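A quick note: this is a predicted structure, and the numbers were derived from the prediction, not measured.
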Amino acid sequence: MKKLSLLILMIAFAGIAKAEDGHKLWLRFEQNGKAVVKGPKCKAAEELVSFSKNNVELLLDQKMEDDEYRIDGNKITAKGEIGLLYGAYAYLRGETKGSKPFYKLRILNHWDNLDASIERGYAGKSIFWALEDPQTRRNSKLWRPQPIDKELIKEYARANASVGINGTVLNNVNASPMMLSAIYINKVSEIADILRPYGIKVYLSVNFASPMSIPAKGFNKGKALKTADPLNPQVKAWWKAKAKEIYEQIPDFGGFLVKANSEGQPGPFDYNRTHADGANMLADAVKPYGGIIMWRSFVYGAAHKGEDRVKQAVSEFAPLDGKFRDNVILQSKNGPLDFQPREPYAPIFDNIKNTKQMAELQITQEYLGQSRHLVYLAPMWREFFSYVAPEKLVGIAGVANIGLDKNWCGHHFSQANWYAFGRLAWNPYLTSEQIATEWLKATFCLPGDRFLAETNKQQCLPGTCPLAETNKQQCMPGTCPLAGLLSVMLRSREACVDYMMPIGLHHIFTFDHHYGPGPAEFQPNAPIEWCPVYYHKANNDSIGFDRTHTGSNATAQYREPYCQMYDDINTCPERYLLWFHRVPWSYRMKSGRTVLEEMNFHYTRGVHEVEDFIKTWNEAKPYIDEQRWQEVDARLQHQLDNAKEWKKVCMDYFSSFNK
C-alpha cells in the first residue's frame, strides 16, 4: 500500500512539474498580481505587486548606506530605489532580516565580441552584439551593431539585480578599437538605459591602441592619431575627449577595463612605458566623471622570457605598487596561472599593499568542463577567500557564462555559478552550502513550496518541497533527492579536480580550446607556456614543476607561513605537490601509494563520483520536469565519458614514463 501511495504521489507530481526550459533561471516566482504595495513607485514595487503573496510597504531612510536594505515583517526599508529592489528580491526568496553588500563593485566581465561570438563562451552567441547584415558591412568601413533585444536585456538585468550584481563590462578584454566608435557608444547608451533602473552600471573593455584607429568627437579634426604613447600630450587629449563623448551620453558610465601587453594586446610597453603610465593616463581621463580603471594583472610573454609564468604578474606589478592613481584598481585572477580547476592563490595579493585590488573569478568553466560538466564553483571561490581576506579587496569581477542559449548558460546547473558569484560578491562569507541550497530551492522547487533540508544528516523535514521528500513522512538518511543534489553540487568541484588534474597537475588540457586531456601536447610554433608539457615536465625519472628555492623560486612570492609551507615538500599540501615540487616516480604519498598509484586513485575516484552523480540524478527524476531532467541527464552522461577519457589518456601517458 505504501509503495502504491508513493507511486500515486509521483504520478501526481509529474503532472504538476510542467516542462521548463530554464529561461526563468532562479526567478520562478509564482505570478500573483494581487498584493498591495505602499510606497515609492519603482522596480521593487513592480516585482512585489507581481509576485508577493502579502501586502508590502516600502520605506526610505536616508541614514542607511547605499544598496543596504532592511526587512521588518512586511516592511522593506532602504536609502533609495535600488536598495528597495535588492530588498524586494531578498523578501521574495524568504529573507527576514536586513543586509548590505560587502563590496561596492560587483561586476560581470563579458568576453563578448562585436561579431556576436564569445571568447570562452559556451552558451551561444552574445546577448548584446548581433551579427551585422552582410550587405551593410560591404557598403561601410565601420562595423554596425544590429538592434538589441530590449526584453532579453531586461531579463538579464532582473537576474543580476536579484543577486546584487551592479556592473557589467559589455565586451571582450581582447577588445576591438571599434568599441569606442560613435555608433557603438550609441548602442552602449541604449543598453545602459535598460540596465540603469536595476542598479547596473555599464563598463567597457578598451584596446590601448584605440587612438590610432578611432576618431574622438571634437578632436583632431576627426582624425585618428599615429601613436598611443600614454605620455604623448595628444594621446592624453584623445582619451579625455573620448571620455567626455561617452559621459555625455552615459552620465553614470562606470569606466574602462584594460588588458595591456599580454597575449599580443597593445599597451604601454610598446612605448617603453610602465603599466602605471598607461593606467594613470586613462584614470585622469575618467576621473572628472567619477570613473574607474580596472587594469588587469594577467600579463606574461616576451618581457619575461624564461621566467616561470606564474611569477610574472608579481615581477611586473610589485615594483609599481603605490604609483597608480586612486581610481585605478588592479584586477587579478584568483590563481597565478589561468583559472585552473585547482591552483594556489595568486601571490600578487600578498605583494600589492598600496594599490586597490579586486579579484577576477571565472564563472564560465573554461577549464572545468565548460558548459558540458556539472561543476559548482562556489567551493573553489570559498577556498580562495580562505587565503585572501575579503577585506583586502575593493570588489570582485566574474567572467560571465551567459549567452543566447534558451537556458542562458548551456547547462542548467551552470546557472548556479552565475547565482553563486552574485551572492558571494554581496557577502563573501556565505557558505557554498547556503548558496547551493538557495539556488536549488529557487530553481527546482515548485513556487510556494518550502525547502528545509538538514544536509549534514541527509534528512528532510516534513512538509517540505516535493523535491525533498517522497511522501508526507520524514525522509530517511540518504534518501532525500534534494539533499542528494545538494551533495552532488558540493562534491562536484573536487570530483573535477580528481578526474582532470590531481595532486597538483595543471594546464594539461588539449591545446588552445582547453577541453579534454592533452598532457603530451607540444606546439613548436606556440609559446612554450601555452603547452601542457611545460607544466608537468614528466620524464623517465620524475614529474612536476620545481617552484621551490631550488627551482623557479615562485614560493618566495608568498607570505608566511605559505612561503615555507609550499617550499618544503614535507609540509606542502599534497593537493599542490606537483605544482610546487618535482618528485621521482618512486616518491611515496601520505597514503603509502607512489605518485603514479596516487594519480590512478584520484582519476578512478573522479570517475566513480560522476557515476554517483548520475545515480542521484536518476533518483530525482520523479521530481524534475521532463525537459530539464533529460537535458541534464545528457550532460551527465557526456561528463562521465569525458571523465573516463581523462583517466585513460593521462594514465596511459604518464605510465609510459614509469616502466
Side-chain angles (χ1 to χ4, degrees), residues 43 80-82 105 107-110 112-116 126-130 132 136 140-154 156-157 160-161 165-173 175-225 228 235-258 281-294 327:
K43 289 295 179 184
E81 292 187 0
I82 302 306
L105 299 172
I107 301 175
L108 287 184
N109 288 179
H110 286 264
D112 295 24
N113 300 309
L114 301 187
D115 66 358
S126 171
I127 66 171
F128 301 120
W129 314 115
E132 60 183 343
T136 301
S140 173
K141 294 182 180 180
L142 297 178
W143 297 350
R144 296 184 180 275
Q146 296 302 293
I148 60 175
D149 186 335
K150 294 182 179 180
E151 187 58 35
L152 183 67
I153 294 177
K154 180 180 176 181
Y156 164 83
N160 281 330
I165 293 170
N166 69 348
T168 184
V169 182
L170 299 176
N171 64 309
N172 193 354
V173 289
S176 166
M178 294 304 305
M179 191 71 252
L180 292 181
S181 63
I183 194 168
Y184 273 96
I185 293 173
N186 290 339
K187 193 60 61 176
V188 172
S189 179
E190 287 185 50
I191 296 171
D193 289 344
I194 300 172
L195 301 182
R196 188 175 295 110
Y198 294 90
I200 302 170
K201 285 186 177 183
V202 296
Y203 300 77
L204 292 177
S205 293
V206 293
N207 185 296
F208 194 80
S210 293
M212 301 174 67
S213 302
I214 303 297
K217 183 179 178 181
F219 176 77
N220 198 34
K221 299 180 181 180
K223 297 180 181 179
L225 303 179
V235 173
K236 293 180 180 180
W238 185 96
W239 281 105
K240 289 180 178 179
K242 183 58 65 174
K244 180 181 179 182
E245 181 182 343
I246 293 172
Y247 280 98
E248 282 177 348
Q249 292 196 57
I250 314 168
D252 59 350
F253 178 72
F256 298 136
L257 172 64
V258 187
M281 180 267 296
L282 293 175
D284 291 342
V286 300
K287 177 77 171 181
Y289 312 98
I292 63 172
I293 301 300
M294 296 169 286
N327 60 328

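Ring centroids of Y203 and H110 are separated by 6.0 Å or more, keeping the two rings apart. Between W239 and F256, a ring centre-to-centre spacing shorter than 6.0 Å is recorded.
Between the side chains of Y184 and S176, no donor-acceptor pair of N or O atoms lies under 3.5 Å. In summary, the side chains of N172 and N113 do present a donor paired with an acceptor at a separation below 3.5 Å, with no hydrogens or angles considered.
Within the 4.5 Å cutoff, no side-chain heavy atoms of I200 are placed close to those of I165. In this structure, the side chains of Y156 and L195 come closer than 4.5 Å at one or more pairs of heavy atoms. Contact of the L225 side chain with the F219 side chain is registered, since non-hydrogen atoms from C-beta on lie closer than 4.5 Å. M281 has its side chain within reach of V235: a pair of non-hydrogen atoms, C-beta onward, lies under 4.5 Å apart. Counting heavy atoms from C-beta on, the side chains of Y198 and K43 come closer than 4.5 Å. Residues Y247 and K242 are not in side-chain contact: their nearest non-hydrogen atoms beyond the backbone lie 4.5 Å or more apart. Residues I148 and I191 have side chains in contact (heavy-atom distance under 4.5 Å, counting atoms from C-beta outward). The shortest side-chain heavy-atom distance between I185 and M179 does not fall under the 4.5 Å cut-off.
Considering every non-hydrogen atom in both E245 and K217, the closest pair reads OE1-N, 3.0 Å. Taking both residues in full, the closest heavy atoms of A243 and V286 are given as CB-CG1, 4.3 Å, listed atom of the first, atom of the second, then distance. When every heavy atom of P215 is checked against every heavy atom of S213, the shortest pair comes out as CD-O, 4.2 Å. Nearest heavy-atom pair, A228 versus F208, reported as atom, atom and distance to 0.1 Å: O-CE2, 3.4 Å. Between V169 and S205 the shortest heavy-atom distance is CG1-OG, 3.3 Å. Contact record, I292 with L105: CD1-CD1, 3.9 Å, taken as the closest heavy-atom pair.
Counting non-hydrogen atoms of other residues, nucleotides and ligands closer than 6.0 Å to NZ of K187 gives a total above 12.
Applying the side-chain hydrogen bond (donor to acceptor under 3.5 Å, both in side chains) criterion to N109, with sequence neighbours excluded, gives Q331. Here D149 pairs with nothing under the salt bridge (Lys or Arg N to Asp or Glu O under 4.0 Å) rule; sequence neighbours left out.
Salt-bridge annotation for R196 and D252: present, with a side-chain N of the basic residue lying under 4.0 Å from a carboxylate O of the acidic one. Here E151 does not pair with K154 in a salt bridge; the nearest charged N to carboxylate O distance is not below 4.0 Å.
Within the 3.5 Å criterion, the main-chain N or O of V202 finds no donor-acceptor partner in the side chain of T168. Side chain of S210 to main chain of N207: a donor-acceptor pair is present (N/O by atom type, distance under 3.5 Å, no hydrogens or angles). Using a distance-only test at 3.5 Å, with no hydrogens or angles considered, no donor-acceptor pair links the side chain of Q249 to the main chain of S189. The backbone N or O of W129 sits nowhere less than 3.5 Å from a side-chain atom of D112 that would complete a donor-acceptor pair. Of the possible donor and acceptor atoms, none in the side chain of N220 sits under 3.5 Å from a partner among the backbone N and O of G222.
Atoms CD1 and CD1, from I194 and I153 in turn, are 4.5 Å apart once rounded to the nearest 0.5 Å.
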Q: Report the C-alpha distance between L257 and I107 in whole Å, list the side-chain angles of each, state the deciding distance to 0.1 Å, and finish with yes or no for side-chain contact (heavy atoms from CB on, under 4.5 Å).
A: CA-CA 11 Å; L257 172 64; I107 301 175; over 6 Å; no
(Q) If you apply the rule side-chain contact (heavy atoms from CB on, under 4.5 Å), what do you find for I214 with M178, and how did you get there? (A) CA-CA 7 Å; I214 303 297; M178 294 304 305; 3.7 Å; yes
